[in-house]
Amino acid sequence: MSNWEQRGNYLIEVAQRCLQGHKTFDLCRSHLVKASQISKGTIYNHFPSEADLIVAVACADYSRWLEQAKEDEFNYSDPLERILFHHCWRLRDMLSNQRFVIERVMPNAEILVQATQYYRHRFEKLHSQYELWNKSLISQVGDVAGFDRAELVVNYLRGAMINSDDANKHSGDVQMYYQFSYALTHLMGHSDKRIPGKLEFSAWLVQERAASAA
């Protein structure tokens, strides 16, 4: 990895820290100067527009989700468990780390038009990969006619992440993960299938806390 890439990744990490606990993307490139101790000119070279900063943060989030998706391929052989625990992981990660909910601003066609080609193409690629991963899993769980199940799931996930953040839900709330998974399963059209119980979510939370502390 080049020094340029390392600096860019560092700036994105700083941006994510600055956004912790925020409900709006109120971060500008100029704010990164003091927070990162990197010159304004260098920051503006990395992010030629304000839209580039937003898209770069979104790319980092999607990259993290895709990395977790790879781990989940090994951890869960059952596709229903894989998709449920993956999105529960996302929910816990957001709440426990007070991450900015990127779904509040992305995907957004207007922002992408304002972004430079590099960031726009990178986001489109990552978004497409993540969308395909979810669609494939939904299909593996079992296609159900009548509705676009993938669209229903995407819309629900966006709303659930934003609403959970707005309500300042606790990342250790077992009941929340159970209800979240129950809703996801129904939206996929599989109300007849057994989902993980509260004891299983409790054990999962213990595992996740241990992994975070390691």
Side-chain angles (χ1 to χ4, degrees), residues 12-28 31 50-69 72 82-115 119-120 122-124 126-135 137-138 147-189 195-196 201 204-205 208 212:
I12 292 168
E13 287 174 14
V14 171
Q16 289 176 317
R17 286 200 299 271
C18 289
L19 286 165
Q20 281 181 323
H22 290 219
K23 308 302 184 188
T24 58
F25 199 106
D26 50 7
L27 183 71
C28 297
H31 297 156
E50 298 296 345
D52 286 321
L53 177 58
I54 297 172
V55 177
V57 171
C59 286
D61 284 339
Y62 275 85
S63 293
R64 188 173 66 258
W65 301 343
L66 283 165
E67 281 300 312
Q68 183 62 35
D72 293 331
R82 194 181 310 151
I83 196 167
L84 294 180
F85 279 111
H86 173 79
H87 290 293
C88 283
W89 170 86
R90 277 189 55 203
L91 181 58
R92 181 188 175 277
D93 178 60
M94 180 270 290
L95 292 171
S96 62
N97 294 300
Q98 291 188 298
R99 294 189 188 277
F100 174 75
V101 181
I102 200 63
E103 288 93 337
R104 292 182 186 275
V105 291
M106 293 295 289
N108 185 308
E110 290 183 13
I111 291 174
L112 286 172
V113 166
Q114 296 170 46
Y119 286 110
R120 182 170 64 252
R122 177 163 170 71
F123 175 80
E124 288 170 346
L126 291 167
H127 180 264
S128 177
Q129 288 175 346
Y130 191 60
E131 192 176 55
L132 184 62
W133 184 80
N134 279 284
K135 282 183 177 179
L137 264 187
I138 291 169
F147 298 97
D148 184 340
R149 299 293 170 177
E151 183 179 357
L152 288 174
V153 167
V154 166
N155 289 336
Y156 172 72
L157 287 171
R158 179 179 180 275
M161 296 294 172
I162 293 172
N163 292 337
S164 297
D165 184 42
D166 284 344
N168 296 314
K169 293 285 184 74
H170 192 276
S171 64
D173 185 351
V174 172
Q175 180 68 19
M176 174 183 67
Y177 296 111
Y178 180 78
Q179 291 177 340
F180 178 72
S181 297
Y182 179 86
L184 272 179
T185 305
H186 277 248
L187 286 171
M188 286 188 284
I195 66 170
F201 280 116
W204 170 78
L205 277 172
E208 288 299 308
S212 298

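One is the number of the first residue; the rest follow in order along the sequence. Atom set for the values below is all heavy atoms of this structure, side chains included, hydrogens, waters and symmetry mates excluded.
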Mind checking what makes side chain to side chain donor-acceptor pair (under 3.5 Å) contact with [X], not counting sequence neighbours?
{"X": "W65", "answer": "none"}
{"X": "N155", "answer": "none"}
{"X": "R149", "answer": "none"}

I'd like to check [X] versus [Y] (side-chain heavy atoms, cut-off strictly below 4.5 Å). Are they in contact?
{"X": "M94", "Y": "S164", "result": "yes"}
{"X": "P107", "Y": "E131", "result": "no"}
{"X": "R104", "Y": "F25", "result": "no"}
{"X": "I83", "Y": "M188", "result": "yes"}

Which heavy-atom pair separates [X] from [Y] by the least distance, and what is that distance?
{"X": "C28", "Y": "L53", "answer": "C-CD2, 3.9 Å"}
{"X": "K135", "Y": "A150", "answer": "CG-CB, 3.7 Å"}
{"X": "A60", "Y": "I12", "answer": "CB-CG2, 3.6 Å"}
{"X": "E208", "Y": "W89", "answer": "OE1-CD1, 3.3 Å"}

message: Before you tell me yes or no, could you show the steps for M106 and L112 under side chain to side chain contact (heavy atoms under 4.5 Å, CB included), namely the whole-Å CA-CA distance, both residues' side-chain angles and the distance that decides it to 0.1 Å?
response: CA-CA 9 Å; M106 293 295 289; L112 286 172; 3.8 Å; yes
For the [atom1] atom of [X] and the [atom2] atom of [Y], what is their distance to the nearest 0.5 Å?
{"X": "R82", "Y": "L137", "atom1": "CZ", "atom2": "CG", "answer": "5.5 Å"}
{"X": "L91", "Y": "M161", "atom1": "CG", "atom2": "CE", "answer": "5.0 Å"}
{"X": "L187", "Y": "L152", "atom1": "CG", "atom2": "CG", "answer": "5.5 Å"}
{"X": "L84", "Y": "W204", "atom1": "CG", "atom2": "CH2", "answer": "10.5 Å"}
{"X": "R17", "Y": "R99", "atom1": "CZ", "atom2": "CZ", "answer": "11.5 Å"}
{"X": "W133", "Y": "D72", "atom1": "CH2", "atom2": "CG", "answer": "5.5 Å"}

- prompt: Would you call the rings of Y130 and Y62 parallel, tilted or perpendicular if under 30° counts as parallel and over 60° as perpendicular?
  reply: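 Perpendicular: the ring planes of Y130 and Y62 meet at over 60°.
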task: Answer yes or no: are there more than 12 heavy-atom neighbours, outside E110 itself, under 6.0 Å from its atom CD?
output: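 Not more than 12 within 6.0 Å, no.
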- prompt: Do you know which of V55, V57, L19 makes side-chain contact (heavy atoms from CB on, under 4.5 Å) with I102?
  reply: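 Considering V55, V57, L19, a side-chain contact (heavy atoms from CB on, under 4.5 Å) with I102 is found only for V57.
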- request: Any salt bridge (Lys or Arg N to Asp or Glu O under 4.0 Å) involving residues 19-28? Give me the pairs, sequence neighbours left out, ordered by first then second residue.
  value: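 Checked against salt bridge (Lys or Arg N to Asp or Glu O under 4.0 Å) - neighbours excluded - the pairs reaching residues 19-28 are K23-D165.
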task: Scan residues 53-62 for pairs that pass salt bridge (Lys or Arg N to Asp or Glu O under 4.0 Å), counting only residues two or more places apart or in two chains.
output: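 Sorted pair list: D61-R64.
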Show me the side-chain donor-acceptor pairs of residues 176-183 shorter than 3.5 Å, one per line, residues at least two apart or across chains.
residue	atom	partner	partner atom	Å
Y177	OH	S171	O	2.5
S181	OG	Y177	O	3.0
Y182	OH	H186	NE2	3.2

- request: Output yes when a side-chain donor or acceptor of N163 lies under 3.5 Å from a complementary backbone atom of G159, and no otherwise.
  value: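 Judged by distance alone, yes, a pair lies under 3.5 Å.
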- request: I would like to know whether N97 and Q16 meet side chain to side chain contact (heavy atoms under 4.5 Å, CB included); could you show each step before the answer?
  value: CA-CA 10 Å; N97 294 300; Q16 289 176 317; over 6 Å; no
task: Tell me, with the steps shown, if N134 and H87 meet side chain to side chain donor-acceptor pair (under 3.5 Å).
output: CA-CA 10 Å; N134 279 284; H87 290 293; 2.7 Å; yes
